[in-house]
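We count ligands from 1, going down the list as the structure has it; atoms in each ligand are counted the same way. Given the structure is predicted, the values throughout are model-derived calculations rather than measurements.
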Amino acid sequence: MFEKILIANRGEIALRIHRAAREMGIHTVAVHSTADANAMHVRLADESVCIGPPPARDSYLNMPAILSAATITNADAIHPGVGFLAENAAFAEMVEEHGFTFIGPTPEHIRLMGDKITAKRAMRDLGVPCVPGSDGPVADEASARDLARGIGYPVIVKASAGGGGRGMKLAASEGELADALRLARSEAKAAFGSDAVYLEKYLTRPRHIEIQILADGQGGVVHLGERDCSIQRRHQKLLEEAPSPALNAEQRQALGALAVDAMQRLLYSGLGTLEFLFEDGEFYFIEMNTRLQVEHPVTEMITGIDLVREQIRVASGAKLGFAQSDIRFQGHAIECRINAEHPETFRPSPGTITDYHAPGGLGVRIDSPLYPGYRVPPHYDSLVAKLIVHGAGRNECLMRVRRALGEYVIGGIHTTIPLHVRVLSEPRFINGDYDIHWLEQLAAATPPKSP
Ligand code: MV4
């Protein structure tokens with residue numbers, strides 16, 4: 001097992017990784033920008049190294065600075081967290097070349113899944129159902145037109161190097177296809193340096209359901225159930241829950257078996273998430289994330305398994321310590337992502353925390369680096385806390401999360417807590433009857449008061 005891990009990230013996830021490491025008896029090294037010198041994870045870590053000025057490209061994305069920090073502190077392994085360098089195959093390669101262990105999948109698997117066309121092709125060849133579309137890149141307008149006629153409109157053009165909603169263009173009919181193709185290509189070229197695009201049938205009201213897998217690279221693979229991530233706005237998830245209120249036991253079992261089989265045949269290692277669109281009882285694979293995810297705690301709450309601990313274990317060469325049949329899914333969990341943002345305009349709201357009181361009690365978990373007097377810097381993602389609640393069933397979970405939100409005091413900044421309170425009181429949410437567009441439709445129906 002590792003003796004010392006360097007945590008190449010910030011905020012709540014850096015704290016989360018520190019906690020797992022500390023419980024395993026592993027020393028931690030925090031790296032931080034000058035804006036994060038007073039961060040909670042920096043205070044708690046055994047050692048810390050300042051790696052640059054506030055802009056992420058000069059600090060949290062500064063690969064030589066991070067590798068130098070690992071060298072001078074004599075770390076054994078680097079955990080990339082989520083975002084920043086977590087899905088950068090070149091970084092994973094550099095980490096290994098410098099003699100450290102990258103806590104994540106192989107660079108080959110990161111690269112395979114980072115390109116959405118090769119990811120989809122690999123999954124389709126492994127028998128995973130995908131959205132009907134081009135089997136590979138779209139060559140030109142004429143072939144796109146032929147293809148779209150075959151699958152039927154609406155269709156969506158997606159950047160192969162994209163993901164998370166960037167570089168996507170919709171065509172409702174043939175008249176819109178040429179423009180969609182041109183726009184998607186030029187956006188993709190500008191944003192990712194590659195103009196490779198592919199085409200899919202556009203699903204009009206799907207849910208976003210993802211399945212968590214854990215693999216040891218030695219043939220051991222388990223799934224830890226699904227998460228429903230359909231409550232989102234502009235590709236930013238607001239709230240996630242597990243299990244999905246839309247799936248029955250049979251569908252859940254089928255999805256799990258499919259994912260495990262595919263990952264076994266890929267000889268995948270580490271944590272991974274297979275993202276699906278779910279519509280009219282059918283699953284369609286869209287992308288795979290080759291990292292720990294922000295919403296991992298809902299899976300931890302229903303399985304009792306510490307995903308970061310397991311991720312570190314398999315990265316150190318250990319085999320999985322349990323089989324699929326050892327995993328018991330219990331109760332229901334909901335995560336509320338609390339952002340330092342205005343709840344109606346979604347404008348960032350950095351500043352100093354004047355008052356802080358976190359909720360507690362049975363089944364309530366807070367993953368947050370906040371403390372009274374902490375200054376939320378303006379330079380990064382605005383996620384400042386995750387409230388994760390577990391209950392014996394979905395209704396108990398809903399009652400408990402409302403109770404916990406009511407106790408939460410975060411003074412000095414605006415947060416998305418009022419938006420969560422709103423969502424949790426909406427009949428469509430309470431009934432589990434929502435899709436990926438529901439929250440945006442709700443927000444559009446109740447525009448913010450003008451200033
Ligand atoms: C789609 C889709 C409908 N049909 N693909 C958006 C982000 C990227 N991960 C995939 N996305 C979508 N792909 C087909 N064929 C709708 C979306 C989509 C979406 C997906 C998941 C979560 C939120 C979303 C919000 C808007 C659109």
(message) Has Q330 got a side-chain atom pairing as donor or acceptor with A392's backbone, closer than 3.5 angstrom?
(response)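 Absent.
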
(request) Give a yes or no on whether the ring-centroid distance for H18 and H41 is below 6.0 angstrom. (result)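 Between H18 and H41, the centre distance exceeds or equals 6.0 Å.
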
(request) For this output row, return yes or no: ring centroids of Y284 and F278 closer than 6.0 angstrom. (result)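 No, the ring centres sit 6.0 Å or more apart.
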
(message) Heavy-atom pairs closer than 4.0 Å: do any link ligand 1 to the side chain of K201, the backbone, both, or neither?
(response)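 It is the backbone that gets close, since no side chain atom is under 4.0 Å.
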
(message) For L277, which part has a heavy atom under 4.0 Å from ligand 1: side chain, backbone, both, or neither?
(response)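 It is the side chain that gets close, since no backbone atom is under 4.0 Å.
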
(message) Tell me whether the rings of H109 and Y268 are parallel (<30°), tilted (30 to 60°) or perpendicular (>60°).
(response)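 H109 vs Y268 ring planes: tilted.
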
(request) Please report the shortest heavy-atom distance between V138 and A144, naming the atom on each side. (result)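 Looking at all heavy atoms of both residues, the closest pair is CG1-CB, 3.7 Å.
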
(request) Can you see which heavy atom on T204 is nearest to which on P154, and at what distance? (result)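 Shortest heavy-atom contact: CG2-CG, 4.3 Å.
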
(request) Check each of E440, K158, E200, E287 against atom 1 (C) of ligand 1 and report the one with the nearest heavy atom. (result)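 Heavy atom nearest to atom 1 (C) of ligand 1 belongs to K158.
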
(request) Compare L439, L199, I436 and give the one whose heavy atom is closest to atom 16 (C) of ligand 1. (result)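 Heavy atom nearest to atom 16 (C) of ligand 1 belongs to I436.
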
Counting from 1, what ligand 1 atoms have a heavy atom of [X] closer than 4.0 Å?
X: I286; answer: 10 (C)
X: V131; answer: 15 (N)
X: Y202; answer: 2 (C), 3 (C), 4 (N)

(message) By the definition side-chain hydrogen bond (donor to acceptor under 3.5 Å, both in side chains), identify the one residue from R227, E226, H223, H296 that meets it with Q212.
(response)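 Testing each of R227, E226, H223, H296 against Q212, the sole residue satisfying side-chain hydrogen bond (donor to acceptor under 3.5 Å, both in side chains) is R227.
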
(message) Tell me whether ligand 1 is touched by M168 - counting only heavy atoms on the residue side and a distance under 4.0 Å.
(response)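 Judged by the 4.0 Å heavy-atom criterion, M168 does count as contacting ligand 1.
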
(message) Is there a polar contact between ligand 1 and H437, counting only N or O atoms under 3.5 Å apart?
(response)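 No.
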
